[in-house]
Amino acid sequence: MPDTLSGKLGVWKYLILRRITQLSTLLLFFGSAHWAWNYNELPVISGNLSSSLLLGFIPLADPFAVLQILATQNTLLSEVLTGTLIVLAFYFIAGGRVWCSWVCPINMVSDLASRVRRKLNIQNAVQISRRFRYTILVLALVLSAITGVAAFEWISPISIFHREVIFGLGSGWAILLGIFIFDAFILKDGWCGHLCPLGAFYSIVGRFSLLRIKFDAPTCTHCVECVTVCPEPQVLDFKQATSKGYISAGECTNCARCIGVCPENTLKFDLKPWIKKQELTINNQQNLTTKTDNLNETDHGRKIA
Amino acid sequence: MNSISLKARRKFLKGITQNVAIASTGGLIWASLLQKEARAMPSAMRPPGALDEKDFNAKCIKCGQCVTACPYDTLKLANTSDQTPIGTPYFIARDIPCYMCPDIPCMKACPTGALTPKLENIEDARMGLAVIDIENCLSWLGLRCEICHRECPVKDSAITVEHHPRKLSKHAMFVPLVHSDACTGCGICEKACPTDEAAIKIVHPELVQGSVGEHYRLGWENEGAITQEFTPEKMRSDTSVDVEPGGLDYLNTGDL
């Protein structure tokens with residue numbers, strides 16, 4: 001961490017921006033619902049993160065929630081389907097899991113848990129595969145089809161929390177506490193990185209999306225600062241990043257923590273079509289291979305689950 | 001095959017089995033929770049145009065746009081502490097009833113169709129059915145009240161006032177009666193009822209309504225139509241047979 005304030009701000013730039021978008025999204029919903037924030041006498045945004053209407057005419061909808069309702073063999077009105085397409089188009093451009101790191105309110109809780117975890121140096125109490133979220137994703141769709149109700153929407157802590165912020169508090173905050181305890185004391189990035197099927201859904205979108213983290217291989221010194229701060233460290237596969245020129249895994253949340261900490265400016269946001277593939281000498285490649293293999297084994301004292 | 005690949009295969013299979021085991025156990029618990037919530041007896045009053053409870057629970061995306069659209073703050077979204085399935089809109093008539101806006105803004109705000117756009121006239125809404133507790137209704141106790149009748153927005157058809165003999169008196173009582181063919185279940189009567197606990201309440205029709213069944217013949221009501229409908233197949237096809245008179249007389253005609 002740099003000592004000067006401007007240096008610190010450089011590291012924190014994206015963190016500050018993310019907090020601004022997360023909080024302003026919450027505030028926009030809250031203000032529209034409680035303080036009648038309006039535009040042309042229509043609410044600025046009505047509804048919640050499951051489905052909403054922006055400026056009175058732009059429908060938005062959670063594609064995964066819609067997918068679950070469709071799995072129950074119910075037909076839906078075109079409004080919510082249009083909203084789904086708009087949201088999908090946005091995340092196709094901005095990066096699938098931009099949802100997770102820039103919008104989802106749970107991110108603030110899991111970030112806080114990570115911080116506590118780092119400070120207290122807590123070890124994982126359980127091990128779950130990071131692929132387990134895809135199992136939950138499939139399970140949510142199968143159960144929606146069997147039981148006839150959108151399975152994840154009935155237990156989703158994201159929807160429950162967001163609803164209760166806007167429409168009145170129940171005991172939803174307890175779920176946040178649950179996530180905090182789970183993430184801080186039981187499993188690192190437990191909810192967002194291992195279980196959340198919505199994150200899994202957006203990971204699939206992210207595989208195809210345009211805005212990615214560009215990896216400028218020749219400048220990388222393999223200091224692995226980026227791996228230390230990354231909430232999904234398995235995506236920083238240097239071998240793959242070198243050959244493709246960007247972080248290609250859909251699980252990358254575009255949170256830009258790595259951009260902030262990289263001392264060499266190796267990592268930057270860029271649009272996929274503009275990223276040129278980089279030619280590598282055999283020598284360079286071998287060098288990389290051994291370094292990343294070591295990294296994957298030890299991960300500097302941290303096991304990548 | 002060498003021992004390393006065997007080991008890897010064993011590890012892989014073990015991993016798969018564990019994953020399947022966790023998924024199926026978790027899935028069973030998850031499914032049973034869902035079944036319990038989704039199949040619960042309907043108790044909450046839904047906004048106008050709401051589909052059957054089962055379809056409504058499936059289609060509602062729990063966004064609360066109907067809640068925001070309601071100009072009277074009638075609607076609430078069920079949170080974790082409520083009995084109603086989580087995230088779905090409902091209202092408590094005694095607190096704030098549905099004031100039956102003619103343009104039905106809540107229904108129009110619904111993006112999924114859980115509140116069906118097929119509802120064109122608010123008077124066709126069936127949010128519930130008013131039911132009178134005649135043991136506590138002031139009118140049925142012999143006082144003059146009829147507030148529910150006067151407040152009812154479906155004037156003189158959902159609630160009518162009928163006269164009813166009073167015990168040990170030549171005077172009559174005037175008592176309210178609810179008619180299910182016109183009652184929208186808006187709950188304005190429940191809100192207006194002056195008793196401590198409302199003596200007229202909105203409930204889900206399926207919790208209180210019976211069904212006569214087709215085999216009972218009410219010969220004195222709509223005579224022609226009913227006789228026609230309940231005339232045995234054989235006679236109905238033969239137009240030369242005079243289906244009048246009604247009642248049980250058809251048993252004496254033909255070759256039964």
Side-chain angles (χ1 to χ4, degrees), chain A residues 29 32-33 43 45-53 59-62 65-66 68-69 72-83 128-129 131-132 135-136 138-140 142-144 146-156 159-160 163-164 166-175, chain B residues 15-16 18-39 51 53-70 73 75-82 84-89 105 107-117:
Chain A
F29 278 107
S32 304
I45 194 161
S46 67
N48 59 26
L49 290 172
S50 299
S51 173
S52 57
L53 194 63
L60 301 169
D62 174 354
V66 169
Q68 290 170 71
I69 297 179
T72 67
Q73 286 123 49
N74 271 287
T75 51
L76 289 168
L77 293 186
S78 58
E79 186 182 333
V80 77
L81 297 175
T82 315
I128 303 174
S129 163
R131 285 165 192 256
F132 191 58
T135 312
I136 298 184
V138 173
L139 208 56
V142 171
L143 288 183
S144 300
I146 293 173
T147 61
V149 289
F152 181 61
E153 290 314 294
W154 286 64
I155 55 169
S156 161
S159 316
I160 290 173
R163 264 199 310 268
E164 296 201 348
I166 300 167
F167 298 105
L169 278 173
S171 44
W173 57 270
I175 295 175
Chain B
I16 290 235
Q18 274 179 331
N19 243 318
V20 169
I22 296 171
S24 45
T25 327
L28 278 174
I29 299 169
W30 192 356
S32 65
L33 283 174
L34 286 176
Q35 294 279 10
K36 195 167 166 268
E37 277 250 290
R39 303 281 180 275
L51 301 170
E53 193 69 6
K54 184 175 161 283
D55 293 338
F56 181 78
N57 281 335
K59 270 200 188 187
C60 174
I61 199 165
K62 306 166 178 52
C63 68
Q65 290 190 59
C66 52
V67 175
T68 319
C70 176
D73 286 339
L75 297 173
K76 295 178 191 173
L77 279 197
N79 62 32
T80 28
S81 344
D82 289 320
T84 313
I86 191 162
T88 56
M107 178 271 278
K108 285 193 184 132
C110 180
T112 64
L115 305 178
T116 176

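Here is how names work: the chains are called A, B, and so on, in the same order as the sequence lines, proteins then strands, and each is numbered from 1.
Side chains of B:Leu33 and A:Trp154 form no contact here, defined as non-hydrogen atoms less than 4.5 Å apart. Proximity of A:Leu53 to B:Gln65: side-chain heavy atoms (C-beta onward) are separated by under 4.5 Å at one or more points. Counting heavy atoms from C-beta outward, B:Gln35 and A:Val149 have side chains that stay 4.5 Å or more apart. B:Trp30 places a side-chain heavy atom less than 4.5 Å from the side chain of A:Ile136.
Both the backbone and the side chain of A:Ala140 come within less than 4.5 Å of a heavy atom of chain B. Only the side chain of A:Thr72 comes within less than 4.5 Å of a heavy atom of chain B; its backbone N, CA, C and O stay farther away. Proximity to chain B (any heavy atom under 4.5 Å) is shown, for A:Phe152, by both the backbone and the side chain.
Counting heavy-atom pairs closer than 4.5 Å to chain B, the top-ranked of the candidates A:Ala33, A:Ser52, A:Ser159 is A:Ser52. Put simply, of B:Ala69, B:Ala114, B:Ala109, B:Ala31, the one with the most heavy-atom pairs under 4.5 Å next to chain A is B:Ala31. Between chain B and the options A:Ala61, A:Ala151, A:Ser32, A:Pro43, heavy-atom pairs under 4.5 Å are most frequent for A:Ala151.
Closest approach of B:Ile61 and A:Ser51 over heavy atoms only: CG2-CB, 3.6 Å. Closest non-hydrogen pair, B:Thr68 versus A:Gly47, comes out as OG1-N, 4.2 Å.
Formation of a donor-acceptor pair under 3.5 Å by the B:Lys59 side chain with backbone atoms of A:Thr75 is found in this model. With hydrogens and angles ignored, the 3.5 Å screen pairs no side-chain donor or acceptor of A:Asn48 with any backbone N or O of B:Gly64.
With rounding to the nearest 0.5 Å, the separation of CZ in A:Phe167 from SG in B:Cys63 is 7.0 Å. With rounding to the nearest 0.5 angstrom, the CD1 atom of A:Ile128 is 7.0 Å from the CD1 atom of B:Ile22. Within the model, atoms SG of B:Cys60 and CG of A:Asn74 stand 11.5 Å from one another, a figure rounded to the nearest 0.5 Å. Atom CD1 of residue A:Ile160 and atom CD1 of residue B:Ile86 lie 3.5 Å apart, to the nearest 0.5 angstrom.
A:Leu77 pairs with exactly one of B:Pro111, B:Pro117, B:Cys110 by the side-chain contact (heavy atoms from CB on, under 4.5 Å) rule, that one being B:Pro117.
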